[in-house]
Amino acid sequence: MSWERVQDWLELLRATDVGDLNTGLSPQGNRAAWSAALDALSPEVLVQVSAVPGTPYDTAAFVAAATVFTAPLEWLAVLLGRGATVGLKPPSAAPDAAELLARSAARVGLPLSVVDRDHALQHELIVAMGGDDTMAALRATVPATSRLLDHGHRFSVAWLTELASVDALADDVALYDTRGCFSPQLVLTPISGPVVAEAIADALCRAGERLPVGEIAPSEAARLRARGALARVLGRELRGEGYSVHLLPADRLRPDGLPRSVALAQVADFAAAQQVLAPWVGTISTFGTDDASAAFPADRTAALGQMQRPPVLRVHDGRDWLRATLRP
Amino acid sequence: MSGWSGQAAALAQRVSAYISASTQGLLTEPFEQLALELHRWQVANVAVVGALTEGPVARWQDLPAVPVSLFKDLDIGPDPSEPVAATFLTSGTTTSKRGVHRLRSTALYDQGAVAWARACVPNLPRRVVALLDDPRSTPTSSLSHMVALFSPASRCSWHCVDGLVDDASLEAALAQSDEPVFLPTTAFSLAFWLQRGARPLPAGSVVMVTGGFKGRAVQWEPDELYRRITNALGPVLVVTEYGMTELSSQLWGTPDTPFRPPPWLRALAVDPLTGGPLPAGERGQLRFVDLCNLDSTLAIETLDQGVVLPDGGVILEGRLPDAPLRGCSLTAEEAEERR
């Protein structure tokens with residue numbers, strides 16, 4: 001019964017225009033992100049999810065981060081499909097999406113409501129996403145009777161070996177404006193750095209025509225220009241309307257989620273790329289690549305163009321989330 | 001002026017003369033003329049400034065500004081192998097990378113710091129009781145360096161160790177003193193002291209507060225901080241100071257008035273998105289052009305937000321929204337957390 005209602009709910013959501021939602025993305029960005037998230041929740045996938053054996057929780061809460069407004073969708077679909085009563089704690093700065101989800105859920109009889117932090121802590125299962133400070137605060141306050149699945153800071157990287165892949169990479173960068181943990185912040189390539197930088201910049205320009213960039217906070221703008229200055233001194237900066245590519249020496253790469261901005265470095269080969277990324281193993285969410293032979297110890301490996309489109313049946317942050325959301 | 005030679009020494013002499021004259025209301029030459037000549041020297045002699053300069057600059061407002069974060073990433077100014085008179089480091093943890101500002105000579109720094117402090121706080125007490133690290137043990141602190149300029153060493157006592165307030169020595173120093181004191185402190189160290197029970201200061205004392213709370217454990221609005229100061233320390237004069245490791249000059253104000261830059265430093269608010277200058281009175285990202293920054297870069301771009309008034313005064317509004325936390329007060333706070 002619940003799974004059928006979830007299907008109805010998802011249909012309602014698919015028919016909803018989210019262009020005006022206050023998420024920080026452009027209207028086109030909102031719609032593209034919404035579609036990408038809902039596409040993953042096909043009826044076939046829900047059938048597979050419903051077949052995962054286990055005892056569901058009766059109550060669950062999802063504490064959402066401000067960065068990716070679609071992140072709760074798949075978790076809510078699964079928890080509601082299993083029959084849980086779910087509370088959704090929205091980010092205080094962007095409650096619109098949560099209210100939309102709850103309103104539409106009510107229309108099909110699904111028990112989803114918007115809750116505050118204190119109320120969220122009263123649920124049996126608490127799934128939380130956000131910054132490391134938020135996660136630490138939650139860990140300190142979650143009651144012993146609740147189970148917390150926390151997901152702190154992660155970022156993603158890309159290994160690009162063919163110029164033909166730049167549009168796929170640009171799609172990964174443009175969707176969500178480099179906000180989420182699946183967004184490639186660092187790109188490594190064995191091809192000529194200046195050539196790849198130009199190609200990525202052109203691709204980001206094309207992507208921007210489809211998906212205009214959203215809001216850029218003052219501090220982000222300042223950090224963008226600061227990294228641009230570093231690139232002008234040590235490498236090269238290419239920038240256009242709402243995007244930038246910073247070509248830097250590999251030892252100067254630092255993960256920093258800057259809107260529509262890629263930090264790029266040329267390395268000799270994949271072994272060198274692995275060496276560059278070694279300090280961040282354990283915090284890398286998705287390794288995107290056009291090289292099927294490249295294997296990297298990230299939580300997930302994806303083809304370029306698919307980094308922002310994770311399948312529901314996956315390991316999330318190193319955890320089988322479909323089983324982790326069932327009673328032990 | 002030792003430390004500089006050739007054209008740099010000649011430029012330093014001109015800046016020194018500018019400082020001397022301007023504090024008496026005189027002008028040796030236009031600010032812009034001197035700024036542009038210093039900039040041309042830096043283009044030729046400071047690789048980072050050269051790399052960030054795309055063509056001739058005609059106005060001081062258009063000088064390419066070096067973002068403060070680049071002081072962490074790059075050597076700006078003298079090569080690390082070159083002997084220098086001072087190496088100042090930004091606040092930070094032992095694990096985080098700290099910004100570095102190397103000065104071949106502190107002559108301009110020292111001259112400007114003393115001249116402007118005396119101009120802004122004419123009755124600065126000579127007895128200094130500092131809630132700061134001793135500059136002899138922490139020579140990388142530009143703040144301690146500055147404060148040490150204000151009085152002979154025998155008249156200064158220092159009451160922080162690795163950013164931690166040393167209650168016992170502070171109490172002893174204040175117990176022995178019935179003359180007015182100058183008490184310079186970061187906002188954080190002051191807050192810790194006030195929370196632990198600060199004693200009233202002798203009449204005529206001056207408290208200098210610098211830095212903010214950076215959104216950490218103690219969160220006092222300025223009004224609350226100043227109310228607590230008055231309640232705990234008595235009728236002291238409270239002054240505010242805005243300085244940065246990456247700058248060689250400071251701005252002074254009071255809790256009720258904007259920061260005043262010295263005549264050899266100008267502030268500018270820019271649009272964070274474009275870096276373009278904003279009209280006076282508009283809120284923006286703060287940028288400074290400091291003639292005393294001969295060895296590194298005249299123009300610095302901060303991560304602070306504020307308003308530059310038509311008379312050049314600066315209303316500081318804190319960090320740009322969502323900017324990473326960094327600043328003078330962090331050292332004190334992190335040290336407290338380790339207690």
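Naming: A, B, ... by sequence-line order, numbering from 1 per chain.
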Just wondering, are more than 12 heavy atoms of other shown residues or ligands nearer than 6.0 Å to [atom1] in [X]?
X	atom1	answer
B:Glu224	CD	yes
B:Asp311	CG	yes
A:Arg31	CZ	yes

Nearest heavy-atom contact between A:Arg225 and B:Val270 is NH2-CG2, 4.2 Å
To the nearest 0.5 Å, atom CZ of A:Arg254 lies from atom NZ of B:Lys72 at 11.0 Å
Rounded to the nearest 0.5 Å, the CG atom of B:Leu70 sits from the CZ atom of A:Arg232 at a distance of 9.5 Å
Within residues 40-58 of chain B, contacts to chain A at heavy-atom distances under 4.5 Å involve B:Val48, B:Ala51, B:Leu52, B:Glu54
By residue number, those in residues 279-296 of chain B with heavy atoms under 4.5 Å from heavy atoms of chain A are B:Gln285, B:Arg287
Scored by heavy-atom pairs under 4.5 Å with chain A, the best of B:Leu273, B:Val66, B:Thr302 is B:Leu273
Let me have the donor-acceptor pairs involving side chains of residues 241-250 of chain A, under 3.5 Å, with sequence neighbours excluded, atom names and distances please.
| residue | atom | partner | partner atom | Å |
| --- | --- | --- | --- | --- |
| A:Ser244 | OG | A:Ser261 | OG | 2.8 |
| A:His246 | ND1 | A:Arg227 | NE | 2.8 |

Residue [X] versus chain B: region with a heavy atom under 4.5 Å:
X	answer
A:Ala222	both
A:Leu224	neither
A:Ile216	side chain

Applying a strict 4.5 Å limit to non-hydrogen atoms, the region of B:Thr274 in contact with chain A is backbone
Point to revise | Any donor-acceptor N/O pair, B:Arg319 side chain to A:Ser219 backbone, under 3.5 Å | key: no
Those residues at least two apart in sequence (or on a different chain) that pass salt bridge (Lys or Arg N to Asp or Glu O under 4.0 Å) with A:Glu198 are A:Arg236
query: When you look at A:Arg252 and B:Leu74, which way does the side chain to side chain contact (heavy atoms under 4.5 Å, CB included) test go after all the steps?
result: CA-CA 10 Å; A:Arg252 299 303 183 117; B:Leu74 301 169; 3.9 Å; yes
